[in-house]
Amino acid sequence: ATSHRCRPGPFVPSRRRPLPRLPRILFALGAILAGELLTGIAAAQTNRAPDALSIQPTVSRAQIEAKLSELEQQPDLSEETRQSLTDRYRSVLANLDALEAFESDAQAYVEALDSAPKEAAALQAESEALATLPDPPVELPKNVSVVQIEQMLAREQAEAASLEAQIAELDKALSEHSDQPTQMRKRIAEASETLAELDAELKRPQPTDGRADIQQALVWALQTQRDALRAEMVMLDQKIVSADARRRLTETRRDQRSAALARLKERRAFLENEADRLRRLEAEQLRQEVASAERELADADPVVQALAHRNRDISEMISGVTDDLDRIDERQAELYEALRETREDFKSARERVLAAGLSQTVGRILFDERADLPNVRELREQTRQRAEEIAEITLDQLRLRDELRALQDLGEAVEQALAGGDDDAARPDLREQVSKQLLRQRDLLEQALRVQDSYQRAIGDLDFTADQYVDPI
């Protein structure tokens, strides 16, 4: 990924003769052995001072920036010469940037050898602590409401989504770790070969028929390119040595995030169960109160009875949606578990392919595991049904909000309910009964909307989880 910054650019003369075939083969073998030697001695260098990782550049950044400033003060230079010098100086600065970046990375890898095991031990302790779940998993305040629990659930869901994203990134990083040492050794061999070519180029006599400043700029470009290559090789050396420590740290991070996610799901399950319990209690209490009121109004005015019947219908709807919420929570828990198992299966399959290649035996195992997965067509059909259900809920909510809006002015609502009645409509006791039923109806509508909002969020969450489950299949 960094080789483009160090490969010979347009300033490297193209008159080099290629090495004969046999010497090139021997040279490549020597470069590979040199890479192995660098790796072998790196462990003894991990405790060295930071300066030992530094490559002293042939020319400083200040020198090159001064040269660029001088160009601006030489109006007699031709545009071609000015551009040629500018390009070469810019090339030197780019090589110095690369050198500094490689040195910074090398130092970070050296520090990782010391810090990674300590951080991994701390994360391991956190994972062990997370495995012990308090009882109850969440301390709830007395007289907690469903609304408060739903707010807690929303925060838990956001945190769970963040943890799942982190785990996915860590799994991806671990899958890339296995190929890195081979790639790095290959890059060390390539850099060694390029370094030898640069050394040979710098030893050749420089032409005497050109401008001295242009020739000097060319030499600096080649020398700083060589410096950057050396810094890259030191960085790769330290990256190889620290690879195991960094991989173990990544594994421990993933395990800690997984433990945190497992605990979070336990907390979420507890909160969902508690919210369902409170909803059922509220729904049952409402149903009993409304049924009792309806019985008491058996001989009441037809207008009052009609309002009582509507209140009963709303309370039954609240009970039905509450039961549906219970079923959605159960389905959500099932999908979470299925999603976890599917991810583990895919991870295991990927590891088998990386370890053994895509052989006929591995292919047969993967084929058999694929046959055990759910039918995608059925899952897509369930997604379509949920979309229709969400649309129906939205329409129900619009109707309920229209009813609730009509009851905001209670006095006007009473007049509307009694409009067109007989002379008894003016009786104070009748108006009081109508007002009482409409007030109860307003409270029921508000609660019905809250329950339906909860249901809509729950089915939306279920749809999101189902999509995560379907996508890898």
Side-chain angles (χ1 to χ4, degrees), residues 1-19 24 27-28 31 34-35 38 51 53-109 183-184 186-239:
T2 55
S3 60
H4 66 282
R5 294 184 289 186
C6 304
R7 289 218 172 268
F11 311 123
V12 179
S14 59
R15 59 179 182 274
R16 292 195 299 252
R17 293 181 181 179
L19 293 172
R24 284 183 66 85
F27 182 84
L38 280 171
D51 289 345
L53 297 174
S54 300
I55 302 296
Q56 186 64 35
T58 308
V59 62
S60 70
R61 182 181 299 276
Q63 287 176 277
I64 301 304
E65 289 174 348
K67 289 293 184 181
L68 285 169
S69 297
E70 289 176 9
L71 288 180
E72 298 175 0
Q73 301 170 9
Q74 298 179 20
D76 55 330
L77 283 179
S78 68
E79 187 61 32
E80 181 181 358
T81 300
R82 186 187 306 277
Q83 187 62 48
S84 178
L85 285 167
T86 300
D87 289 345
R88 283 162 171 75
Y89 292 148
R90 294 294 182 194
S91 176
V92 173
L93 290 176
N95 289 335
L96 292 175
D97 288 339
L99 185 149
E100 292 172 3
F102 289 138
E103 287 184 342
S104 176
D105 289 346
Q107 186 59 39
Y109 292 134
Q183 294 171 352
M184 289 182 287
K186 181 179 178 181
R187 175 58 193 148
I188 287 175
E190 292 173 351
S192 297
E193 183 176 353
T194 305
L195 196 60
E197 292 174 352
L198 284 171
D199 286 336
E201 184 66 36
L202 286 166
K203 289 177 182 178
R204 288 194 178 91
Q206 297 298 321
T208 58
D209 54 351
R211 287 179 59 98
D213 51 359
I214 291 180
Q215 293 300 326
Q216 180 61 68
L218 173 59
V219 170
W220 281 341
L222 292 172
Q223 288 173 333
T224 53
Q225 184 179 358
R226 180 182 60 187
D227 296 338
L229 273 173
R230 288 171 175 167
E232 182 184 8
M233 293 173 69
V234 172
M235 179 274 293
L236 291 171
D237 165 26
Q238 296 304 319
K239 190 174 183 179

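The shortest side-chain heavy-atom distance between Tyr89 and Leu71 falls under the 4.5 Å cut-off.
Rounded to the nearest 0.5 Å, atoms CZ (Arg226) and CD1 (Ile55) are 11.0 Å apart. Here the straight-line distance linking atom CZ of Arg204 with atom CG of Asp199 works out to 11.0 Å at 0.5 Å rounding. Note: Tyr109 OH to Asp237 CG = 12.0 Å, rounded to the nearest 0.5 Å. We find the CE-CD distance between Met184 and Gln238 to be 11.5 Å, quoted to the nearest 0.5 Å. Separating the CZ atom in Arg211 from the CD atom in Gln216 is a distance of 13.0 Å, to the nearest 0.5 Å. To the nearest 0.5 angstrom, Thr86 atom OG1 is 8.0 Å from Glu79 atom CD.
Of the listed residues (Met235, Lys239, Glu232), just one forms a side-chain contact (heavy atoms from CB on, under 4.5 Å) with Asp105, and that residue is Met235.
In terms of heavy atoms, Ala228 sits closest to Leu99 at N-CD1, 4.0 Å. Residues Arg82 and Pro75 come closest through the heavy atom pair NH2-CA, 3.8 Å. Closest approach of Ala221 and Asn95 over heavy atoms only: O-ND2, 3.1 Å. Considering every non-hydrogen atom in both Leu85 and Ala217, the closest pair reads CD2-CB, 4.3 Å.
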List, one per line, each side-chain donor-acceptor pair under 3.5 Å for residues 61-70, sequence neighbours excluded.
| residue | atom | partner | partner atom | Å |
| --- | --- | --- | --- | --- |
| Arg61 | NH1 | Asp97 | OD1 | 3.2 |
| Arg61 | NH2 | Asp97 | OD1 | 2.7 |
| Arg61 | NH2 | Glu100 | OE1 | 3.4 |
| Arg61 | NH2 | Glu100 | OE2 | 3.1 |
| Gln63 | OE1 | Ser60 | N | 2.9 |
| Gln63 | OE1 | Ser60 | OG | 3.3 |
| Ser69 | OG | Glu65 | O | 3.1 |

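Looking only at distances, no side-chain donor or acceptor of Ser84 sits under 3.5 Å from a matching main-chain atom of Glu80. No donor-acceptor pair under 3.5 Å is formed between the side chain of Ser91 and the backbone N or O of Asp87.
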(message) Is there a side-chain contact (heavy atoms from CB on, under 4.5 Å) between Gln215 and Val219? Walk through the geometry before answering.
(response) CA-CA 6 Å; Gln215 293 300 326; Val219 170; 5.6 Å; no

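Atom CD of Gln74 is surrounded by more than 12 heavy atoms from other residues, nucleotides or ligands within 6.0 Å.
Checking Gln223 against Asp227 by side-chain atom types alone, no donor-acceptor pair falls below 3.5 Å.
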